[in-house]
Amino acid sequence: MADTQPDTPPPSLYAAREPIFPKKVYGKFRNLKWIILAVTLGIYYLFPWVRWDRGLNLPDQAVLVDLANRRFYFFWIEIWPHEFYFVAGLLVMAGLGLFLFTSALGRVWCGYACPQTVWTDLFILVERWIEGDRNARLRLHRQDKMDARKLRLRLTKWLVWLAIAVATGGAWVFYFTDAPTLLVDLFTLNAHPAAYTTIAILTATTFFFGGFAREQICIYACPWPRIQAAMLDEDTLTVGYREWRGEPRGKGNVRRRSAEQAVEAEQMSRAAGPGKAVYPPTPYPGKPLGVQGITEGPGDCIDCMACVNVCPMGIDIRDGQQMECITCALCIDACDEIMDKIGKPRGLIDYMALTDEQSEREGNPPKPILKHILRPRTILYTVLWLAVGFGLVFALFIRQDIDMTVAPVRNPTFVTMSDGTIRNTYEVRLLNKHGEERNFALTVTGAPDVQLIVEGSQGADVIVPADSTLNQRVYLQAPAGSAPATSERSDVRIWVEDTVSGERASKDTIFNGRGQ
């Protein structure tokens with residue numbers, strides 16, 4: 001009888017997430033990220049509280065999306081529903097700007113200004129304040145026993161995260177109504193249920209995305225890592241590792257230099273800036289000065305893992321370009337700090353292009369940053385971006401503060417009065433964008449015999465309230481036997497004039513007659 005072996009379960013394709021605990025790092029790129037974090041969060045949290053006087057009976061909130069009245073206010077700019085092309089233009093500019101920065105500097109948006117990155121940085125900062133730096137957080141994570149200290153640290157961290165998440169959701173709803181009034185309503189439980197629902201949803205997503213799904217959002221949920229490949233080319237500046245200089249790596253690669261040589265190398269590296277590789281005043285062993293392509297002898301990388309330990313995505317930049325890299329450049333700061341300590345020049349990890357690799361291997365200096373940035377693709381994006389921007393600004397400054405729409409009433413197309421007069425009816429919508437009510441005078445041109453009559457008014461004048469629209473019924477009539485009355489149709493134009501400022505607007509329409 002044959003031996004029967006138990007069925008072996010197939011190997012699992014699922015790998016549990018290993019949390020990433022980035023190490024604290026100092027440097028110019030980290031400082032730049034702190035500045036951007038402070039500016040963007042300051043704008044987001046504080047803008048709803050900025051006041052802007054627009055006049056009597058108008059909202060005084062500087063930035064307001066007034067859905068009830070279908071208005072968008074941004075300081076002195078007011079966008080009406082029929083002016084949605086301004087919003088569409090801004091979205092086009094945002095897309096072109098993203099294409100421009102990506103083609104020039106890689107995923108610089110993801111690394112510095114993306115909301116997921118900004119709030120994740122803030123959550124990591126809180127985590128570091130409460131639980132300690134990387135090693136302390138790793139020890140706490142690997143501690144199986146949930147003792148009083150671990151529970152206290154976890155609850156404290158989660159409570160602070162939750163407070164930030166609630167503030168995030170609360171700040172968002174303040175953009176859609178008067179912020180001080182809504183704040184009182186929220187605490188007195190008088191706010192609309194939609195406000196509480198929105199705050200709850202944004203609180204939950206912020207708490208989860210920033211605290212527990214940090215890198216997964218960037219890798220799996222966000223489509224941009226996959227789209228960005230179409231925006232990059234061999235001249236795009238991205239964070240990279242100078243393999244020819246760092247390999248072979250090892251702990252024994254530390255080379256001592258005199259204090260004078262160390263100071264000189266550091267000054268040269270700092271003066272060069274990103275994208276510039278500066279070499280020490282004395283040649284490396286096995287790497288004569290100016291022949292960087294030679295790989296004999298130890299490399300500059302001492303395999304300290306500093307670049308990996310500070311990466312918020314947990315990747316090793318020395319493995320080459322990777323989809324997970326968000327180009328935050330923290331690995332540059334970490335590597336530069338190590339290079340300073342061991343007496344090697346900065347720039348082992350740096351902003352560089354793929355074309356620089358072969359050029360530097362052959363002993364040539366890196367291409368200047370401007371030559372990488374100013375190339376046909378980026379110039380085209382810049383021209384398109386500026387064209388859309390100038391178009392929006394031009395449209396903003398030439399738009400009128402009064403406007404009108406005319407809709408003929410087609411049921412019936414005309415009415416014959418008792419004396420034979422032909423009457424057409426129109427629905428006219430008058431727009432007054434001024435901060436006070438205005439007197440609008442209506443007239444008609446195009447057919448001398450056609451007379452305009454305003455329903456409910458002795459004359460042809462209408463009072464339109466401040467910053468609002470008014471639907472007004474208007475009649476055009478032509479005497480019996482006149483050319484418009486006996487013609488099948490006549491082209492006419494209805495005019496509206498602001499009697500205070502003299503501004504005028506008009507719309508073409510058709511007057512329907514009896515015909516022959």
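Throughout, numbering of the chain's residues begins at 1 and tracks the sequence.
- The heavy-atom pair separating Gly111 from Lys33 by the smallest distance is O-NZ, 2.6 Å.
- In this structure, the side chain of Gln321 engages the main chain of Val239 through a donor-acceptor pair within 3.5 Å.
- Distance check, rounded to the nearest 0.5 Å: CZ of Phe99 to CG of Leu384 gives 11.0 Å.
- Other residues, nucleotides and ligands contribute at most 12 non-hydrogen atoms within 6.0 Å of the CZ atom of Arg142.
- The distance from the CD1 atom of Ile20 to the CD atom of Gln216 is 7.5 Å, given to the nearest 0.5 Å.
- When atom types are taken as modelled, the side chain of Thr378 and the backbone of Arg375 share a donor-acceptor pair closer than 3.5 angstrom.
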ask   = Would Thr382 and Leu386 satisfy side chain to side chain contact (heavy atoms under 4.5 Å, CB included), going step by step from the backbone distance to the final call?
value = CA-CA 6 Å; Thr382 303; Leu386 290 175; 4.0 Å; yes
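- Side-chain contact check for Cys331 versus Asp333: every heavy-atom pair is 4.5 Å or farther apart.
- Counting only distance, with no hydrogens or angles, the side chain of Arg214 and the backbone of Phe209 share no donor-acceptor pair below 3.5 Å.
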ask   = Under the ring-ring contact (aromatic ring centres under 6.0 Å, His included) criterion, do Phe72 and Phe84 qualify, and how do the steps go?
value = CA-CA 10 Å; Phe72 171 58; Phe84 186 79; over 10 Å; no
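- Looking only at distances, no side-chain donor or acceptor of Gln400 sits under 3.5 Å from a matching main-chain atom of Ile398.
- Note: Phe74 and Phe86 fail the aromatic proximity criterion, with ring centroids not under 6.0 Å apart.
- For Trp119 against Leu41, the heavy-atom pair with the smallest separation is CZ2-CD2, 3.6 Å.
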request  = Decide salt bridge (Lys or Arg N to Asp or Glu O under 4.0 Å) for Asp340 and Arg346; before the verdict, give the C-alpha distance in whole Å, the side-chain angles of both, and the deciding distance to 0.1 Å.
outcome  = CA-CA 7 Å; Asp340 291 342; Arg346 295 184 169 198; 2.6 Å; yes
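- Gly169 approaches Ile199 most closely through the heavy-atom pair O-CG1, 3.7 Å.
- Here the closest non-hydrogen pair linking Arg377 and Ser103 is CD-CB, 3.6 Å.
- Trp80 and Glu78 form a side-chain donor-acceptor contact under 3.5 Å, judged by distance and modelled atom types alone.
- The aromatic rings of Phe212 and Trp161 stand perpendicular to each other, their planes meeting at an angle above 60°, with 30° marking the opposite boundary.
- Comment: Asp356 does not engage Lys367 in a salt bridge, judged by the lack of any side-chain N to carboxylate O separation of less than 4.0 angstrom.
- Within the model, atoms CZ of Arg128 and NZ of Lys23 stand 9.0 Å from one another, a figure rounded to the nearest 0.5 Å.
- Within the 4.5 Å cutoff, the side chain of Arg71 has no heavy atoms near those of the Ile79 side chain.
- A donor-acceptor distance shorter than 3.5 angstrom exists from the side chain of Thr206 to the backbone of Leu202, with no hydrogens or angles considered.
- Here the side chains of Arg318 and Glu243 are not in contact, with every heavy-atom distance at 4.5 Å or above.
- At least one side-chain heavy atom of Leu90 sits less than 4.5 Å from a side-chain heavy atom of Leu392.
- Considering only heavy atoms from C-beta on, Met352 comes within 4.5 Å of Glu357 through its side chain.
- For the 3.5 Å distance criterion, the side chains of Thr168 and Tyr45 qualify, holding a donor opposite an acceptor.
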request  = Applying side chain to side chain contact (heavy atoms under 4.5 Å, CB included), run through Ile227 and Thr102 and close with a yes or a no.
outcome  = CA-CA 10 Å; Ile227 299 174; Thr102 302; over 6 Å; no
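- Here CD1 of Ile130 is found 11.0 Å from CZ of Arg154. Values are rounded to the nearest 0.5 Å.
- Here Trp49 and Phe174 bring their ring centres to under 6.0 angstrom of each other.
- Because its NZ or CZ atom is both nearer than 6.0 Å to the ring centre of Trp34 and within 45° of the ring axis, Arg30 counts as a cation-pi partner of that residue.
- The CZ atom of Arg107 sits 10.5 Å away from atom CG of Leu98, with the distance rounded to the nearest 0.5 Å.
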request  = Go through the steps to decide whether Asp60 and Asp53 satisfy the test side chain to side chain contact (heavy atoms under 4.5 Å, CB included), and finish with yes or no.
outcome  = CA-CA 5 Å; Asp60 63 349; Asp53 185 13; 5.6 Å; no
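- Side-chain contact check for Tyr85 versus Glu83: some heavy-atom pair is nearer than 4.5 Å.
- A donor-acceptor contact shorter than 3.5 Å is absent between the side chain of Asn364 and the backbone of Glu360.
- Side-chain atoms of Arg242 come within 3.5 Å of backbone atoms of Gly347 as a donor-acceptor pair (strictly under, hydrogens ignored).
- Proximity of a side-chain donor or acceptor of Tyr175 to a complementary backbone N or O of Asp66 within less than 3.5 Å is not detected.
- Using cut-offs of 30° and 60° on the angle between ring planes, the pair Trp172 and Tyr44 is parallel.
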task = Kindly indicate, with the supporting measurements, whether the criterion side chain to side chain contact (heavy atoms under 4.5 Å, CB included) is fulfilled by Leu186 and Leu182.
result = CA-CA 6 Å; Leu186 288 172; Leu182 178 58; 4.0 Å; yes
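- For the atom pair CE of Met339 and SG of Cys301, the computed distance is 6.5 Å after rounding to the nearest 0.5 Å.
- In this structure a side-chain-to-backbone donor-acceptor pair under 3.5 Å is missing from Arg70 to Pro81.
- Residue Val173 comes nearest to Ala195 through the heavy atom pair CG1-O, 4.0 Å, listed as atom of the first residue, atom of the second, then distance.
- Trp52 has its ring centre less than 6.0 Å from the ring centre of Phe75.
- Inter-residue side-chain proximity for Arg245 and Pro345 is flagged as met; some heavy-atom pair is nearer than 4.5 Å.
- Results of the side-chain contact (heavy atoms from CB on, under 4.5 Å) test with Phe176 over Thr198, Val65, Leu64 single out Val65 as the only residue that passes.
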request  = Report the C-alpha distance between Asp147 and Arg152 in whole Å, list the side-chain angles of each, state the deciding distance to 0.1 Å, and finish with yes or no for salt bridge (Lys or Arg N to Asp or Glu O under 4.0 Å).
outcome  = CA-CA 9 Å; Asp147 56 13; Arg152 173 177 56 83; over 6 Å; no
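- Environment of NZ in Lys150: crowded, with over 12 heavy atoms of neighbouring residues, nucleotides or ligands closer than 6.0 Å.
- Among all heavy-atom pairs drawn from Ser359 and Pro365, the shortest one is OG-O, 4.0 Å.
- Looking at heavy atoms from C-beta onward, Pro22 lies out of side-chain contact with Leu330 at the 4.5 angstrom threshold.
- Counted within 6.0 Å of CZ on Arg51, heavy atoms from surrounding residues, nucleotides or ligands total more than 12; the atom is thus considered enclosed.
- With Gln322 contributing its side chain and Glu324 its backbone, the two residues share no donor-acceptor pair below 3.5 Å.
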